[in-house]
Amino acid sequence: MEWYVHRDGQTFGPSDLSELQAAAKAGALRQNDLVYSDRLARWVPAAEIPELWRAIEPSVPPPTGNNGEANNPAVSQDNLKNNAGVTRNRRSNFILAHWRGEVPLAFAYWGFGVLISLASTIISYWFIDTLTHIKVHPSVKSAFIAVFLVIMTIIGVWQIVGIWRSAGRHMQTTGRTFWGGLARCAVVLGSIRAVVEYNTIIVPVFTESVRLAIHGEEIPRYQFRILRDGTEVELSGGMSYGTTDSLKNLLDAAPAVQVVHLNNIGGWIEEGYGVYHLIKSRKLKSYTSTTCVSACAIAFLGGEERLLSTDGKLGFHSSSFGKLDGSSLPEVNTDVRKFLISLGAPEWFVNKAMSTPSYDMWFPTHEELLAANIVTKIVDPKQFGLSGLGNVDLSAIESGILSIPLYAMLKKYDREIYDRLIDRLNKGVLVGRSVLEMQAEIRQVVQSEVVPKYMKIAPSVALKAYWDTQVEEIEILARRDPHLCAGFIFPELMGGGVDLSSYIPSDILGRDLQALALLIEGAAVRPETAKASDAEVAKLMTRVTDKMANSAEILSEPEKYANRPDQLCGAFVTLSKEIRSMNAEAAARILRWMFSQ
């Protein structure tokens, strides 16, 4: 059984009974010293414990002086500490002493309670800051966090138990309950607060840390594609560990990159910041053609120009660690909030972004993104490399192409040209060419090979119907800008073709492709070869010249008028209208003659 002795505000022990008996015999134990053991309900004077004095002869307590000390020169507080069993005072181990409540209440509360709590807070901030800036795998970071939380929990329990016991001993030894009761009330309130924090913060963080340490990250791995002959690069997939380093290595190897496509579902916010600084330091443009959310949206903000396609979306929400986000711990968004504000994002935008739960996503409208200066420009995706496709499935692309009647007819009736078009399309997709570039290549094949080949042998009705769609498109271009009109009719003369989808209504373009498909089918199934005679051609040109005097010269030598697109356009429009006014048979003969020259 363990015994404790209290004298002059100090507690000694634990000691066993024989050690106290030896102290009593040596005179180091006083009658008025307070003693305590598990068998006692409270502290009592040593004189009330008979067995402590049995070793003394005679079997009566030694006389005492006026000050209550035995009339023995050996009796002193030092002897109590050093000459008897109480000499085995174990308070030299302050950790164990605090746990047992042997430390004076004031020191237990203010020293081991308040000061250690303050030190723990400082150490926690240092720990978090250090983990944020060191480059280690998230699983390793999570393991450190889990161990750190366990250590902090042990320290917290040790603090609470020690203060509680010290307060109890203080009340027993002094008979005064105010400070001890106040300390215990503080312990109860602190414990309640700790339980709440553990349930809402510590336990979720610990659970997620253990999961990450054991199972690793579940963020999809990042993927890169070099586009447009090395002038653009796409970052898709997720912002998994190592994204920044891998992108840096790629950019070092491809110094011609000017645009970074970000079509990414996000991930580690540290990687988002890393990609942001990488894009910003190299003064690159950031561009999203489909969707860029969470940490990807942070990276997007690094662009010197921040471009979003007409179909693109940027998504924002609260930062999180597992299930813990800004709704339960507002501090988790402190850094992101400061970051967005430092870039000039208005308060309403930041508040909306940070208040969106981590399990949800806020997609601002294009107008909101422009107003908040998050995006500098909304752009046509056709001018950039084709991106946002995920894992490229060429068979799926071909299936989509075959939904267009023109390509379905080519596959059915002209496999050679069809295979060549599909080959060019597939290569364009794989190397990341822009839609405009691929359209130009396909248009060149259609206009230089498909149209001339089938216009020569197409049946009259189909031929006239297709020509009508061409005239309608030419007239629209002529009204908008003669340069567009001349570029469409004479692409090799005017330095390239025209993106019809930017100027011609989609329903007219649809009729164009449908009419060309029917022309190919008609030519393959029931070809006609009748051409206009020289007399018919001369008669047509006379009518055209009557309406535009120099039209014959312009049409026969267009290169002389390369710097006069209005003249080129006007002459061809005049000719086209005359052909369009003719009946199907006559018009078809003229068109077959024209495309046979």
Side-chain angles (χ1 to χ4, degrees), residues 220-238 247 250-251 253-254 256-265 275 279 284-293 296-297 299-300 303 305-315 366 375-404 406-407 410-411 418-447 496-504 506 509-510 513:
R221 184 171 174 79
Y222 53 84
Q223 297 178 6
F224 296 116
R225 285 179 65 221
I226 295 290
L227 312 174
R228 301 188 74 187
D229 300 322
T231 59
E232 300 176 13
V233 63
E234 179 185 20
L235 168 55
S236 59
L247 179 58
L250 188 150
L251 292 175
V257 168
Q258 299 174 359
V259 181
V260 178
H261 293 229
L262 294 168
N263 301 301
N264 190 288
I265 66 169
V275 175
I279 293 174
L284 303 176
K285 299 176 183 178
S286 57
Y287 165 70
T288 292
S289 61
T290 54
T291 304
C292 172
V293 300
C296 177
F300 178 88
E305 290 185 52
R306 300 177 295 281
L307 311 173
L308 185 65
S309 84
T310 51
D311 300 320
K313 296 189 296 182
L314 295 180
H366 287 182
V375 169
T376 55
K377 190 176 182 182
I378 304 299
V379 296
D380 184 351
K382 293 178 182 177
Q383 61 185 294
F384 295 93
L386 188 61
S387 64
L389 302 176
N391 293 321
V392 179
D393 184 352
L394 296 180
S395 61
I397 293 175
E398 183 174 0
S399 297
I401 286 294
L402 287 174
S403 65
I404 302 174
L406 169 62
Y407 298 99
L410 285 173
K411 182 176 183 179
Y418 172 80
D419 287 343
R420 199 176 331 133
L421 287 174
I422 291 298
D423 181 62
R424 291 193 180 192
L425 180 64
N426 289 342
K427 287 181 179 178
V429 170
L430 292 176
V431 302
R433 289 181 179 169
S434 70
V435 172
L436 286 179
E437 290 167 338
M438 289 188 285
Q439 284 180 339
E441 283 193 13
I442 292 174
R443 187 186 307 114
Q444 191 274 332
V445 173
V446 171
Q447 291 181 345
V498 176
D499 176 24
L500 293 180
S501 62
S502 299
Y503 307 103
I504 307 298
S506 58
L509 290 177
L513 292 176

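Computed from a predicted model, the values in this text were never measured in an experiment.
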Original post:
If you count the non-hydrogen atoms of other residues, nucleotides and ligands that lie under 6.0 Å from CG in D229, is the total more than 12?
Top reply: no
Original post:
Do the non-hydrogen side-chain atoms of I265 and C296 ever get within less than 4.5 Å of each other?
Top reply: no
**OP:** Please identify each residue that fulfils side chain to side chain donor-acceptor pair (under 3.5 Å) with S501, with sequence neighbours left out.
**Re:** K382, D499
Report all side-chain donor-acceptor pairs from residues 420-428 shorter than 3.5 Å, counting only partners two or more places apart or in another chain.
from	atom 1	to	atom 2	distance (Å)
R420	NH1	E449	OE1	2.4
R420	NH1	E449	OE2	2.7
R420	NH2	E449	OE1	3.4
D423	OD2	K427	NZ	3.4
N426	ND2	I422	O	3.4

Subject >> Main-chain N/O of G312 paired to H366 side chain as donor or acceptor, under 3.5 Å >> reply: yes
Subject >> Pairing residues for E398 by the salt bridge (charged side-chain N to carboxylate O under 4.0 Å, His left out) criterion, not counting sequence neighbours >> reply: none
Subject >> Close side-chain approach of I378 to T310, heavy-atom, < 4.5 Å >> reply: yes
Subject >> Residues which pass ring pair (Phe, Tyr, Trp, His ring centres under 6.0 Å) with F224, listed by chain and number, not counting sequence neighbours >> reply: Y222
Original post:
With a 4.5 Å limit on heavy-atom distance, are the side chains of S286 and L307 in contact?
Top reply: no
Subject >> Main-chain N/O of R306 paired to T376 side chain as donor or acceptor, under 3.5 Å >> reply: yes
**OP:** Ignoring hydrogens and angles, tell me if any N or O in the side chain of E234 forms a donor-acceptor pair with the backbone of G388 under 3.5 Å.
**Re:** yes
Original post:
Atom CD of Q258 and atom OG1 of T231: how far apart are they, to the nearest 0.5 Å?
Top reply: 6.0 Å
**OP:** Could you pull out all residues at least two apart from T288 that satisfy side chain to side chain contact (heavy atoms under 4.5 Å, CB included)?
**Re:** L262, N263, C292, F300, L308, L314
Original post:
Roughly how far, to the nearest 0.5 Å, is CD1 of I442 from CD1 of I401?
Top reply: 6.0 Å
Original post:
Taking side chain as C-beta onward, heavy atoms only, is K285 less than 4.5 Å from V260?
Top reply: no
Subject >> Nearest-0.5 Å distance, CG of residue L386 to OG of residue S434 >> reply: 8.5 Å
Original post:
Thinking salt bridges, do E232 and R225 make one under a 4.0 Å N-O criterion?
Top reply: no
Original post:
What's the verdict on side chain to side chain donor-acceptor pair (under 3.5 Å) for S387 and S289, showing C-alpha distance, side-chain angles and the deciding distance?
Top reply: CA-CA 7 Å; S387 64; S289 61; 2.9 Å; yes
Original post:
To the nearest 0.5 Å, what is the distance between OG (S502) and CD (Q383)?
Top reply: 9.5 Å
Original post:
Given side chains that start at C-beta, do those of L250 and I226 come closer than 4.5 Å, heavy atoms only?
Top reply: yes
**OP:** Could you tell me the separation between the CZ atom of R228 and the CZ atom of R433, rounded to the nearest 0.5 Å?
**Re:** 10.5 Å
**OP:** Quick one: list whatever passes ring pair (Phe, Tyr, Trp, His ring centres under 6.0 Å) with F384, sequence neighbours left out.
**Re:** Y287
**OP:** Flag the pair L430 / L394 as yes when at least one side-chain heavy-atom distance between them is below 4.5 Å, and no otherwise.
**Re:** yes
Original post:
Do the non-hydrogen side-chain atoms of I397 and V429 ever get within less than 4.5 Å of each other?
Top reply: yes
Original post:
Out of curiosity, R443 CZ to L500 CG, how far, rounded to the nearest 0.5 Å?
Top reply: 5.5 Å
Original post:
Do L284 and L251 come within less than 4.5 Å of each other through their side chains, counting heavy atoms only?
Top reply: yes
**OP:** Report the C-alpha separation of H261 and L235 in whole Å, then their side-chain angles, then the decisive distance to 0.1 Å, and conclude whether the side-chain contact (heavy atoms from CB on, under 4.5 Å) test is met.
**Re:** CA-CA 6 Å; H261 293 229; L235 168 55; over 6 Å; no
